[in-house]
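Structure, as structure tokens:
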Amino acid sequence: MKAMLAIPYGTRDFLPLEATEKRIIESKLARLFAGWGYDEVVTPTIEYLDTLTRGAGTDLEPQLYKLFGKDNKILALRHEMTTPIARLVASRLQGQPLPLRLAYISSVFRSEQAQTGRQCEFYQAGVELMGAASAAADAEVVALAIRGMLVAGLKDFTVCLGQVEFVSGVMEQYNLSEQASDALKEAMEKHDLVLLENLVDELQLSEQARRALKELPLLSGGQEMLAQARELALNATSRRALDNLTEIYELLEAYGVADYVKFDLGIIRDFSYYTGMVFEAYTPGLGFPLAGGGRYDHLLSDFGEGTACPATGFALGIERVLLALTRQGLQRPEAAKDVYVGYAPGKIASAISKVTELREEGQVVELAAAPGTEAEARALANQQGYSRLLYLQ
Amino acid sequence: MQLNNNKEYLTIALPKGKLFSLSADLLAKVGYTAEGLTDKSRKLVITNEEKKLRFIITKTADVPTYVEYGAADLGVIGKDVLAENGMDVYELLDLGFGRCHVMMAVPKAERRPQLTDYAQTRVATKFPHIAEQFFSAHGMQMEYIKLNGSIELGPIVGLSESIVDIVETGTTLKENDLEEIAYIMDATARLVANRVSFKLKFERIHKLTEELRKVLALEKGAAQ
């Protein structure tokens with residue numbers, strides 16, 4: 001047997017049916033984003049390594065696919081779209097009237113262990129709202145993310161809202177050193193609550209302060225939880241963070257999507273550029289988040305003087321949506337195949353004009369590649385999944 | 001039988017072997033148990049319909065995989081296995097049992113004066129990742145030989161100059177004329193949760209964690 005040609009680790013092919021499903025979901029999302037006033041942008045797949053690591057620090061480097069350019073500069077494949085779009089806004093789109101609403105549907109690359117619904121190359125659809133610092137902007141992107149999951153066909157999912165300033169504020173109010181709070185945040189980011197407890201126990205703090213810090217990753221629930229969190233918020237930063245979440249939630253009620261939303265103050269997203277509201281979306285049966293995003297007010301100023309600009313956004317994993325639809329037994333999008341046109345020898349010209357006419361009506365039509373009998377044409381039509389046969393003799 | 005719709009159920013993965021009965025006993029103390037829950041069971045999934053609980057009994061090293069992918073919501077696993085696999089799960093609680101430590105040992109008769117004298121030698125281990133982190137931190141390049149059991153055999157048959165393994169009492173080391181020369185990390189059993197389960201089934205998981213925490217504190221108090 002001839003060996004099958006392999007593809008690199010962490011990549012995949014989308015076969016016709018899979019590619020169709022992907023395209024249908026992407027088209028629905030593209031329409032939705034456009035309907036909310038977001039303009040699509042396309043950025044290069046490769047960027048300078050320096051650009052991608054600028055906002056995120058050095059931890060990121062091991063996950064990037066790197067290569068050398070002709071000038072011997074190090075290039076990298078984009079690992080997400082927020083940084084390239086921030087680069088774009090801080091350079092080519094400088095001076096454009098704000099706010100800017102930008103959308104993308106792109107592949108991104110991470111050189112890491114492939115996960116469920118996430119190969120090393122995977123597809124994301126998302127938006128960035130640049131130049132708006134208000135809770136209204138945050139509420140808009142969360143509401144749009146929820147609408148996105150709904151138009152994709154998902155029914156059962158939960159969006160958890162957090163606020164990184166709440167965590168920072170609580171750490172601030174106990175005068176933790178930067179080193180100590182970084183260590184605690186790292187333990188939270190790694191989801192290692194045992195390590196968090198041990199680190200907190202080593203700090204010289206009151207019993208009450210220790211309890212508050214240990215409770216941070218466990219602040220999950222509805223509005224009643226926010227009230228509980230308020231008791232832990234002893235300074236302006238942490239209180240402001242809670243006020244901000246309350247305001248966003250009220251706006252989400254106005255959008256009619258608040259039923260999908262829960263609070264979780266323990267969310268610290270993987271990328272260090274987040275500065276305010278953060279969120280992740282989860283669905284039963286999929287062990288990984290479907291979507292995530294948040295506010296990142298300083299990323300743009302990392303790209304140069306005078307480019308400071310508040311911003312917020314989200315990304316939705318296309319393959320994860322497809323996987324969740326399958327796992328939950330929901331209807332996956334289907335491409336209609338309408339008419340298969342077969343013809344007897346010598347009848348190709350009339351077949352072509354018939355086909356052209358049907359296609360202009362908007363039907364999906366396949367023309368037989370060669371003349372044949374009606375029985376042959378019927379067999380091919382069935383094999384390709386066409387609902388109707390037209391045979392010209 | 002497919003267990004796809006596990007929304008109402010809480011699925012707990014337990015490792016076969018020495019951690020099994022300790023975990024099952026602890027969970028039983030807070031009412032989390034099921035009829036016929038033993039690691040001798042031929043059934044791979046044991047269900048408690050009344051309490052909406054499912055137990056999966058699996059090989060130790062597979063527990064973090066079940067939990068990371070969300071096939072199980074919760075699991076009990078040694079910190080050594082967690083650190084070795086580097087999987088993205090919530091580590092909720094130190095269960096205190098299964099205490100051991102990861103260390104480096106060498107044949108007593110051939111002990112070299114310093115740790116760094118072992119640079120560029122072969123080390124047999126079940127934990128190549130932990131071992132590599134440890135040696136890299138000491139600036140040592142090593143040749144890692146992955147074994148799946150009876151690690152002590154490595155130096156005896158000339159497969160390696162040293163081993164990195166877990167030790168509870170040190171008896172096995174002694175019996176094989178090995179001597180511990182470097183401590184690497186402590187390990188105890190941990191309660192772990194899937195990232196998404198921890199969010200979507202937060203109340204149930206949090207309640208269980210707190211109940212277990214109380215039982216552990218009581219036991220600790222009684223032991224002192």
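Just so we're on the same page: letters track the sequence lines, and every chain starts at 1. Note that the structure is a prediction, hence the values are computed from the model and not measured.
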Can you establish whether the number of heavy atoms outside [X] located under 6.0 Å from its atom [atom1] is more than 12?
X: B/Y32; atom1: OH; result: yes
X: A/E253; atom1: CD; result: yes
X: B/R99; atom1: CZ; result: no
X: A/R147; atom1: CZ; result: no
X: A/E224; atom1: CD; result: yes
X: B/E180; atom1: CD; result: yes
X: A/K66; atom1: NZ; result: yes
X: B/K214; atom1: NZ; result: no

### Task
Pick whichever of A/I267, A/L195, A/D156 has the most heavy-atom pairs under 4.5 Å with chain B.
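Highest number of pairs under 4.5 Å: A/D156.
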### Under-4.0 Å salt bridge between B/R195 and A/E280
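Answer for the salt bridge query: yes.
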Toward chain A, the part of [X] with a non-hydrogen atom under 4.5 Å:
X: B/L93; value: backbone
X: B/V67; value: neither
X: B/D94; value: both

#### Entry: When B/V192, B/T209, B/N194 are compared by non-hydrogen pairs under 4.5 Å with chain A, the top option
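Of B/V192, B/T209, B/N194, B/N194 has the most heavy-atom pairs under 4.5 Å with chain A.
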### Message
Quick check for you: among B/K79, B/E203, B/R213, which has the greatest number of heavy-atom pairs under 4.5 Å with chain A?
### Response
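Most heavy-atom pairs within the cutoff with chain A belong to B/R213.
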Over all atoms of both residues, closest heavy-atom pair of [X] and [Y]:
X: A/T283; Y: B/V196; result: O-CG1, 4.0 Å
X: B/E68; Y: A/F288; result: O-CZ, 3.7 Å
X: B/V89; Y: A/H191; result: O-CB, 3.6 Å
X: A/V194; Y: B/L92; result: CG2-C, 3.9 Å
X: B/F202; Y: A/K262; result: CB-NZ, 4.1 Å

### Query
Is the shortest heavy-atom distance from the side chain of B/L200 to the side chain of A/T158 under 4.5 Å?
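Heavy-atom side-chain distance check passes, below 4.5 Å.
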### Message
Is the shortest side-chain heavy-atom distance between B/F198 and A/L218 below 4.5 Å?
### Response
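SC-SC contact between B/F198 and A/L218 confirmed.
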### Message
At a 4.5 Å cut-off on heavy atoms, which part of A/Q328 comes close to chain B: side chain, backbone, both, or neither?
### Response
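Interface part for A/Q328: neither.
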### Task
Select one option (side chain, backbone, both, neither) describing which atoms of A/D264 are under 4.5 Å from chain B's heavy atoms.
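Contact with chain B involves the side chain of A/D264 alone.
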#### Entry: Gap between atom CD of B/E91 and atom CG of A/L193 - 0.5 Å precision
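The distance works out to 8.0 Å.
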